[in-house]
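Heads up: the structure comes next, in structure tokens.
Side-chain atoms are counted along with the backbone in the values below, which use heavy atoms only and exclude waters and symmetry mates. We name chains A, B, ... by the order of the sequence lines, and we start the count at 1 in each one.
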Amino acid sequence: MSSLCLQRLQEERKKWRKDHPFGFWAKPTKNSDGSLNMQRWDAGIPGKENTIWGQGCFPITIEYPNDYPSKPPKVKFPAGFYHPNVYPSGTICLSILNESQDWRPAITLKQIVLGIQSLLENPNPNSPAQEPAWRAFSRNIKEYETKVLEQARKYPK
Amino acid sequence: MTFNIDKELITLPIHQNTIKEYNEQLRYPPSMFNNNYNIDFKTQTKQLLETYIDCYIAGIVDLANSTSKINKLGGNYIKYLHIQYANNTVLKNKLEQFKTDYKNISKDISTDNLTLDYIVNDENYYFSQLLNNIVSTEGSSTSTDTDFNNYCKNLNDPLLKVFKCLPLLLKDPMCVLPDDEENNINNNDDDDVKVAGGTIELTCPITCRPYAYPMISRKCNHVFDKDGLTNYFQSNEDGNQIKCPQGACKAYLTMSDFIKDDIMDLRCKIYKNISKKNKLNKNNDNINDVIL
């Protein structure tokens with residue numbers, strides 16, 4: 001791991017502990033020997049109140065590559081997560097997480113999680129990443145909403 | 001226009017010759033063709049100001065209490081710029097006059113390439129003779145203060161900027177400077193300067209640490225630490241321009257677009273000094289508590 005990567009992640013952790021948006025959580029995972037793995041974090045994204053996502057807090061994993069922050073972290077929901085812009089593997093399709101699109105080293109953890117929260121209720125129909133959720137979202141919104149509500153119950157706040 | 005010859009400068013821990021030379025420059029204000037003056041005076045002023053700031057960081061002088069000295073130094077510098085500006089306008093007017101006269105005498109020869117720099121730098125050219133005639137004839141500058149202010153704005157002189165914002169930064173090292181606000185309005189770009197609740201962040205957006213060597217992009221005015229930038233541009237192997245590290249900024253940059261950001265450096269130094277002082281005061285309070 002480059003020294004900048006580790007240094008930046010330690011500062012991100014400090015900043016997050018000092019202040020983070022309401023309802024979110026994020027922390028580095030632990031290695032088998034109990035030490036912190038700074039390059040792999042677990043986090044939770046609460047659905048926005050008064051939306052079909054509002055009842056859930058959705059788990060994500062954040063993997064920081066060795067050349068972070070020059071390269072973006074890889075952010076994943078659990079495999080099979082139901083959302084038009086999430087691949088079957090759980091990988092999130094979001095421009096700020098894409099190196100060739102809008103990723104910049106100055107983007108913080110806070111901006112990433114807020115971006116994902118906003119993506120939940122505002123799917124981008126122009127970049128589908130999975131068949132079921134995308135098809136339902138564009139053709140049968142009732143079925144889509146039922147599925148989303150069902151999923152939210154699986155990950156209660 | 002006369003300069004303030006500052007005898008108090010001698011109290012600074014700086015080589016006596018520098019002060020001597022500085023005061024010497026003040027006795028002989030700039031003439032129209034004295035280019036050396038330009039470089040020397042600037043360097044000397046910069047050196048003196050830097051010494052002041054270094055002494056402040058080391059706790060030898062209190063800048064807040066020596067603003068009058070800084071103002072003298074800055075005042076001299078502005079006067080110097082003013083003289084230079086006035087000289088240039090007079091010279092330009094004379095040159096135009098000379099060109100018209102010359103055209104009237106000899107219509108065949110083009111005067112289009114005849115610029116001020118060309119004449120001044122070409123000593124062997126026969127124009128130098130004529131030039132002396134131009135200079136020796138009377139002429140006065142018709143420029144106004146507004147002209148001079150605009151000239152200073154376009155000059156983008158880093159030293160002048162430091163003099164202007166030093167008093168503001170001493171009061172609040174995280175304050176938004178009037179110039180920055182202007183830039184924001186002109187560019188119609190809300191994240192041009194990183195503003196959080198009306199303050200400037202003193203940490204690099206890439207490293208998330210306090211700046212060690214802040215550098216500013218001349219294209220988009222975004223500031224980053226040298227370490228973070230080096231790392232970012234190293235990751236781009238082909239050396240082409242890549243996107244500015246600031247989110248949503250549309251500029252494409254290389255390392256050569258960045259220069260040292262003196263203002264940010266000053267902000268950090270002042271901030272460090274203030275927090276050091278606050279810590280000391282706190283410790284003293286604690287000691288008092290124990291004694292009481």
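Around atom OH of B/Y271, no more than 12 heavy atoms belonging to other residues, nucleotides or ligands sit under 6.0 Å away. For B/K46, the NZ atom counts as loosely surrounded, since its 6.0 Å shell holds 12 or fewer non-hydrogen atoms of other residues, nucleotides or ligands.
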Could you pull out every donor-acceptor pair under 3.5 Å between chain B and chain A?
| unit_1 | atom_1 | unit_2 | atom_2 | d |
| --- | --- | --- | --- | --- |
| B/P205 | O | A/R8 | NH1 | 3.4 |
| B/I206 | O | A/R8 | NH1 | 2.8 |
| B/R209 | NE | A/E11 | OE2 | 3.0 |
| B/N231 | OD1 | A/S70 | OG | 3.3 |
| B/K243 | NZ | A/Q101 | O | 2.3 |
| B/C244 | O | A/R104 | NH1 | 2.8 |
| B/P245 | O | A/A106 | N | 3.1 |
| B/Q246 | O | A/R104 | NH1 | 3.0 |
| B/C249 | O | A/R104 | NH1 | 2.8 |
| B/C249 | O | A/R104 | NH2 | 3.2 |

